[in-house]
Amino acid sequence: MTTIRTRFAPSPTGYLHVGGARTALFNWLHARHTGGCFILRIEDTDQARSTDASVQAIFEALEWLGVDWDEGPYYQSQRLALYNEHIERLVADGHAYYCTCTPEAIEAMREKARATGAKPRYDGTCRDRGLKSAPGAVVRFRAPYLGTTVVADRVKGAIVFANEELDDFVLRRGDGMPTYNFAAVVDDVTMRITTIIRGDDHVMNTPKQILLYQALGHPLPEFAHVPMVLGHDRTRMSKRHGATSVTAYRDMGLLPDAFINFLARLGWSHGDQEFFTRADLIDKFTLERVGKSAGVFDPVKLTALNADHIQATRPEYLAPHLRPFLAARGWDAADDNYLHGVIATLQPRSKTLDEMAQQAHFYYTEAIELDEKAAAKFLKADSLPPLQALRDQLGELANFDEKALEGVFVKLMEQFELKLGKIAQPVRVALTGNTVSPGIFEIMTILGRDRVVNRLGRAIAYIMNKTP
RNA sequence: GGUCCCAUCGUCUAGUGGUUAGGACGUCGGCCUCUCACGCCGGUAACCCGGGUUCGAAUCCCGGUGGGAUCACCA
């Protein structure tokens with residue numbers, strides 16, 4: 001049994017977008033699931049559009065996703081000699097030929113064809129001229145006029161193409177660079193790729209590539225064309241649909257595992273299961289379960305899934321992911337124990353890490369900013385006695401833990417004949433500056449006695465100051 | 001326009017001839033409760049249309065319609 005070899009072959013002409021990430025993920029999952037090999041290849045034959053910054057951006061995004069490769073990265077720009085060898089073979093075998101038609105001439109014949117309602121294709125002017133290599137000459141493939149080429153797709157089934165739809169496409173440009181279809185085939189052949197998993201938008205290229213495999217005398221790999229990722233209006237995702245770059249989601253506070261889970265579930269399913277850990281995905285992913293129809297990228301569902309992952313992840317694993325968001329706000333989260341406590345209280349109420357950091361403000365800011373409405377409603381004269389009593393009793397507490405705190409509050413409730421809510425809200429405002437927060441006993445134990453007493457004192461002063 | 005692909009709640013999907021068409025997100029109620037969440041309970045909402053095949057079609061076939069992809073010396 002031959003081992004599975006898959007590859008992700010992005011062109012470095014921008015950041016890694018959501019669709020590309022999913023293609024990478026499916027290739028990676030298929031390799032990991034089968035114990036195969038995942039290869040990264042950079043398709044940088046377009047001199048004008050490829051940039052090193054894009055290459056770095058792709059690495060960065062893949063690293064964040066945790067999609068690691070076993071071989072590569074290979075760069076097509078460094079494999080020119082290899083392509084040229086294959087070109088020469090093809091020309092020698094009669095499968096390809098030199099062509100000196102100018103781009104203008106090609107455009108003219110296309111124009112003419114369109115005018116008469118015919119297919120805009122190369123008319124074969126140089127096909128049988130037996131031209132030799134010349135500066136600026138391109139190399140074209142001698143495509144068959146007759147017959148059909150069928151793609152046996154792992155997800156779409158058999159797709160039949162009439163060869164007359166194809167024309168003598170260019171294999172090597174005038175500047176000596178190979179074109180995509182040619183370079184991809186040579187690479188997939190030499191890298192011994194067994195399974196080509198890629199976006200739906202490549203199906204039309206597949207018959208051309210199959211013809212090349214045949215001309216080169218190589219057996220075909222398996223093809224699996226996965227459906228596209230659409231924007232909310234069901235068209236191909238683009239900037240106007242919101243964030244499309246993978247790193248944008250990292251910066252929004254998504255967990256890589258949640259993002260991967262979401263991407264996988266978009267177009268792939270395993271019964272009714274929605275939540276998958278990374279190991280789950282590797283264990284359960286199969287090409288057979290990939291759907292045929294395109295799916296809309298729904299950021300709301302992504303966020304909901306992220307919330308699930310945040311809840312399911314232990315604080316110590318969340319901490320490193322959260323730290324950058326805390327740091328961005330200028331907060332020092334060096335104390336691990338403290339941070340883990342903070343995270344535990346925020347986990348059930350944060351959909352993203354950014355949200356979590358935002359909600360952590362009172363844990364890391366001593367100068368609490370009182371919300372005007374909250375203060376007006378709860379820091380009033382009538383809440384002064386319980387607050388004072390609470391502050392005094394906290395000082396005498398032997399163990400500053402949730403259980404003891406609860407006891408203090410129960411006593412306070414009896415003493416002042418108040419429901420817990422009547423006492424808790426003023427305390428909450430005193431401690432956090434707002435009316436919304438995790439439970440007050442949790443908050444108090446994490447904050448610790450000193451900070452709590454301090455903030456209580458400030459709230460008391462605030463009330464006394466306001467009401468003469 | 002040619003070629004190719006696709007079609008189940010608003011969205012992601014389960015479903016492979018017989019189901020009250022299931023789950024999730026969203027949304028709407030309710031419960032829980034120290035606030036907000038979480039959680040729990042319940043409601044809402046779908047088989048694109050038309051023909052066949054069959055005792056019986058969301059499921060199979062054909063035709064429409066709709067959407068998408070692609071038609072380069074880009075990848």
Side-chain angles (χ1 to χ4, degrees), chain A residues 9-13 43-46 48-50 76 99 101-103 106-107 110 114 117-122 136-140 151 153 156-157 159-162 164-167 169-181 183-184 199-207 225 227-228 230 232-236 262 265-275 291-305 307-308 311 345-351 359 374 378 406 409 413 419-429 432 434-441:
Chain A
S11 60
T13 54
E43 308 220 327
D44 55 354
T45 54
D46 185 344
R49 297 199 303 151
S50 298
Q76 289 190 323
C99 165
C101 295
T102 63
I106 307 281
E107 191 42 50
R110 266 198 259 275
R114 264 191 286 265
K119 296 183 202 315
R121 62 217 296 275
Y122 179 64
V138 304
V139 176
R140 284 182 184 277
V151 180
D153 198 274
K156 305 231 177 235
I159 307 171
V160 182
F161 292 89
E164 62 178 345
E165 294 296 329
L166 277 26
D167 71 347
F169 55 94
V170 172
L171 301 180
R172 190 171 69 188
R173 296 186 266 246
D175 65 2
M177 292 298 269
T179 57
Y180 161 73
N181 280 121
D200 222 344
D201 50 338
H202 282 286
V203 290
M204 295 311 226
N205 289 319
T206 312
H225 288 97
M228 309 249 78
L230 273 24
H232 52 74
D233 60 356
R234 306 209 70 96
T235 63
R236 195 189 186 125
F262 177 75
R265 272 296 277 107
L266 217 186
W268 171 84
S269 65
H270 184 265
D272 278 343
Q273 190 173 345
E274 299 281 350
F275 185 95
K292 294 180 176 189
S293 49
V296 174
F297 185 93
D298 179 5
V300 176
K301 183 151 186 172
L302 167 59
T303 304
L305 194 56
D308 289 345
Q311 280 208 71
T345 68
L346 263 17
Q347 270 175 300
R349 50 204 109 220
S350 311
K351 288 190 187 305
Q359 295 174 114
F378 294 106
E406 201 172 339
F409 273 77
M413 287 160 65
K419 296 231 251 186
L420 181 53
K422 289 291 180 191
I423 304 177
Q425 280 306 79
V427 172
R428 191 185 313 283
V429 175
T432 72
N434 221 311
T435 54
V436 175
S437 84
I440 48 172
F441 303 139

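Below, read A as the first sequence line, B as the second, and so on, with proteins coming before strands; counting in each chain starts at 1.
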Under 4.0 Å between any heavy atoms, over every strand shown, what does [X] touch: base, sugar-phosphate, or nothing? Just pick one.
{"X": "E165(A)", "answer": "sugar-phosphate"}
{"X": "V427(A)", "answer": "nothing"}
{"X": "L266(A)", "answer": "sugar-phosphate"}
{"X": "G421(A)", "answer": "sugar-phosphate"}
{"X": "P227(A)", "answer": "nothing"}
{"X": "Q273(A)", "answer": "nothing"}
{"X": "G267(A)", "answer": "sugar-phosphate"}
{"X": "T435(A)", "answer": "base"}
{"X": "V138(A)", "answer": "base"}
{"X": "G295(A)", "answer": "sugar-phosphate"}
{"X": "F441(A)", "answer": "base"}

N/O (side chain, [X]) to phosphate O (OP1/OP2, [N]) under 4.0 Å:
{"X": "T45(A)", "N": "rA75(B)", "answer": "yes"}
{"X": "K301(A)", "N": "rC12(B)", "answer": "no"}
{"X": "S437(A)", "N": "rU35(B)", "answer": "no"}

Round to a whole Å and report the spacing from [atom1] of [X] to [atom2] of [N].
{"X": "N181(A)", "N": "rA75(B)", "atom1": "CG", "atom2": "P", "value": "9 Å"}
{"X": "Q311(A)", "N": "rC40(B)", "atom1": "CD", "atom2": "C1'", "value": "14 Å"}
{"X": "H270(A)", "N": "rG23(B)", "atom1": "NE2", "atom2": "C1'", "value": "14 Å"}
{"X": "F262(A)", "N": "rC25(B)", "atom1": "CZ", "atom2": "P", "value": "13 Å"}
{"X": "D272(A)", "N": "rC25(B)", "atom1": "CG", "atom2": "P", "value": "12 Å"}
{"X": "F297(A)", "N": "rC25(B)", "atom1": "CZ", "atom2": "C1'", "value": "13 Å"}
{"X": "F275(A)", "N": "rG23(B)", "atom1": "CZ", "atom2": "P", "value": "20 Å"}
{"X": "D167(A)", "N": "rU3(B)", "atom1": "CG", "atom2": "P", "value": "16 Å"}

If the [atom1] atom of [N] is compared with that of [M], how far apart are they to the nearest Å?
{"N": "rG26(B)", "M": "rU33(B)", "atom1": "P", "result": "24 Å"}
{"N": "rA14(B)", "M": "rG50(B)", "atom1": "P", "result": "25 Å"}
{"N": "rU3(B)", "M": "rC12(B)", "atom1": "P", "result": "28 Å"}
{"N": "rU59(B)", "M": "rG39(B)", "atom1": "C1'", "result": "37 Å"}

Partner nucleotide of rC32(B) by Watson-Crick or wobble geometry (both distances under 3.5 Å)
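No nucleotide pairs with rC32(B).
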Are any of the side-chain nitrogens in D201(A) or R236(A) under 4.0 Å away from the carboxylate oxygens of its partner?
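Result for this pair is yes, salt bridge flagged.
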Do the side chains of R121(A) and E164(A) get close enough for a salt bridge, i.e. N-O under 4.0 angstrom?
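Answer for the salt bridge query: no.
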Do [X] and [Y] get their side chains close enough for a donor-acceptor pair, meaning under 3.5 Å?
{"X": "H225(A)", "Y": "D200(A)", "result": "no"}
{"X": "T432(A)", "Y": "N434(A)", "result": "no"}
{"X": "E43(A)", "Y": "Q76(A)", "result": "yes"}
{"X": "S350(A)", "Y": "Q359(A)", "result": "yes"}

Counting heavy atoms from C-beta on, name the nucleotide in [options] closest to the side chain of [X].
{"X": "V296(A)", "options": "rU35(B), rC25(B), rC12(B)", "result": "rC12(B)"}
{"X": "R265(A)", "options": "rA75(B), rC12(B), rG26(B)", "result": "rC12(B)"}
{"X": "E43(A)", "options": "rU11(B), rU35(B), rA75(B)", "result": "rA75(B)"}

Hey, mind stepping through F297(A) and F262(A) against ring pair (Phe, Tyr, Trp, His ring centres under 6.0 Å) and telling me if it holds?
CA-CA 9 Å; F297(A) 185 93; F262(A) 177 75; 5.1 Å; yes
Taking atom CZ of R265(A) and atom CG of L302(A), what is their separation to the nearest 0.5 Å?
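The CZ atom of R265(A) sits 13.0 Å away from the CG atom of L302(A).
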How long is the gap from CG on D46(A) to CE on M177(A), to the nearest 0.5 Å?
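The CE atom of M177(A) is 8.5 Å from CG of D46(A), to the nearest 0.5 Å.
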Quiz item: R349(A) side-chain donor-acceptor pair to rC38(B) base, under 3.5 Å
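By the distance-only test, no, there is no pair.
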Output all residues satisfying side chain to side chain donor-acceptor pair (under 3.5 Å) with N181(A), sequence neighbours left out; order by chain, then residue number.
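For N181(A) there are no side chain to side chain donor-acceptor pair (under 3.5 Å) partners, ignoring immediate neighbours.
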What does the B/S/- profile of nucleotides 66-72 of chain B look like, 5' to 3', with a 4.0 Å heavy-atom cutoff to protein?
--SBS-S
